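To start, the structure itself, in structure tokens.
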Amino acid sequence: MSSKVLSADLIISQLEAANVKEIIESLGNKLHAFGYVKDSYVPAVIKREGIFPTGLPLGNINVAIPHTDVEHVNKPAIAVATLAHPVAFGNMGDSENTLKVSIVFLLAMKEPHAQVDLLQNLIETFQNPEVLEILLGAADSKEIERILKQYLKLKEVH
Amino acid sequence: MAKRVLVLCGNGVATSTVACKKIQDYMANANVRCEVIQAKIGELASYADKVDVIVLMAMGATLPDTVNTPLIKGLPFLTGMGLKETLEEIKKHLQ
């Protein structure tokens, strides 16, 4: 069983999805298959996303960061999808409106205080439009993993 | 007594943890003594009267009318846009 916070196993390049639910299911099922999250995680994230949406207005390329309470998580991970076509997410800053999201980071956090540097690096990474451009253009999940590891300053942990 | 800022999250504690750290670092640099408290929306009632400013990370949330504490939207902690202004506004309430 993998214990890496970020790995190509948890990344989907050019995901074909019609809506938010499909995206959370596709990524959440990966987290579940590798033991990162409990059975309750995917339904909990879908429910929370409906109440407190996580689409972030960043510019040309928008990002969403669905997540939920730590009790649904076994061990920390970040699942990532670049979308083949932008999908409408609720806007975190303006709940009346949606925005078109192209990259989704599904967060499974267990002890956020222990992972605050990782989260901070992730936020700084998606605040950089050039990185988002590079991620969207990446050919496959391995390349996305390589790019993100570089920017998240992750060291390999086996 | 040091003033207090409450960071409220809706979807667990991921984004609010980052906001807490940013606020702590910024206020320490500015020599502003403060206590940063992190809580979920549902726990608001136990804190609302005891803090000087609330930072709301769950922007979709509406707070009860009974809460009179100054409220600041935390979105800039995630998008980076207007972050300095947001931190300065929080600082005003903590001095």
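Here the structure is a predicted model, which means the values were calculated and not measured. Here is how names work: the chains are called A, B, and so on, in the same order as the sequence lines, proteins then strands, and each is numbered from 1.
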- Group every Ile, Leu, Val, Met, Phe, Trp and Tyr by side-chain heavy-atom contacts under 4.5 Å, then state whether B:Val36 and B:Leu71 land in the same group. no

- Who among A:Glu49, A:His72, A:Glu71, A:His113 has the most heavy-atom pairs with chain B under 4.5 Å? A:His113

- Task: Might you confirm whether atom CD of A:Gln150 has over 12 heavy atoms from other residues, nucleotides or ligands at distances under 6.0 Å?
- Result: yes

- Query: Side chain, backbone, both or neither: which part of A:Met92 has an atom under 4.5 Å from a heavy atom of chain B?
  - Reply: both

- Checking side chain to side chain contact (heavy atoms under 4.5 Å, CB included) for the pair B:Leu78/A:Leu58: CA distance, chi angles, key distance, verdict? CA-CA 9 Å; B:Leu78 302 177; A:Leu58 295 169; over 6 Å; no

- Please report the shortest heavy-atom distance between B:Lys73 and A:Gly93, naming the atom on each side. NZ-O, 4.1 Å

- Is B:Gln95 atom CD crowded by more than 12 heavy atoms from other residues, nucleotides or ligands, each under 6.0 Å away? yes

- Query: Under a single-linkage definition using a 4.5 Å side-chain heavy-atom cutoff for Ile, Leu, Val, Met, Phe, Trp and Tyr, are A:Ile51 and A:Phe89 assigned to the same hydrophobic cluster?
  - Reply: no

- Item | Among the listed options A:Thr54, A:Val116, A:Val45, the residue most often paired with chain B at heavy-atom distances under 4.5 Å | A:Val116

- Tell me, side chain or backbone of A:Pro57 under 4.5 Å from chain B's heavy atoms, or both, or neither? both

- Message: Please classify the contact of A:Glu96 with chain B as side chain, backbone, both or neither, using a heavy-atom distance under 4.5 Å.
- Response: neither

- Which heavy atom in A:Pro112 sits nearest to a heavy atom in B:Thr17, and how many Å separate them? CB-OG1, 3.3 Å

- With a 4.5 angstrom heavy-atom cut-off, could you sort out which part of A:Leu122 is near chain B: side chain, backbone, both or neither? neither

- Rounded to the nearest 0.5 angstrom, the NZ-CG distance for B:Lys40 and A:Asp69 is 4.0 Å

- Checking heavy atoms, do the side chain of B:Ile41, its backbone, both or neither come under 4.5 Å from chain A? side chain

- B:Leu8 with B:Val55, same ILVMFWY side-chain cluster at under 4.5 Å: no

- Task: Find the distance between CG (A:Asn91) and CG (B:Leu75) and round it off to the nearest 0.5 Å.
- Result: 7.0 Å

- Message: Is there a continuous path of hydrophobic side-chain contacts, each under 4.5 Å between heavy atoms, that joins B:Met81 to A:Leu56?
- Response: yes

- Query: Roughly how far, to the nearest 0.5 Å, is CD of A:Gln127 from CG of B:Leu83?
  - Reply: 7.5 Å

- Task: Flag yes if B:Ile23 and B:Ile54 sit in one hydrophobic cluster, no otherwise; membership is Ile, Leu, Val, Met, Phe, Trp, Tyr, and two members link when side-chain heavy atoms are under 4.5 Å apart.
- Result: no

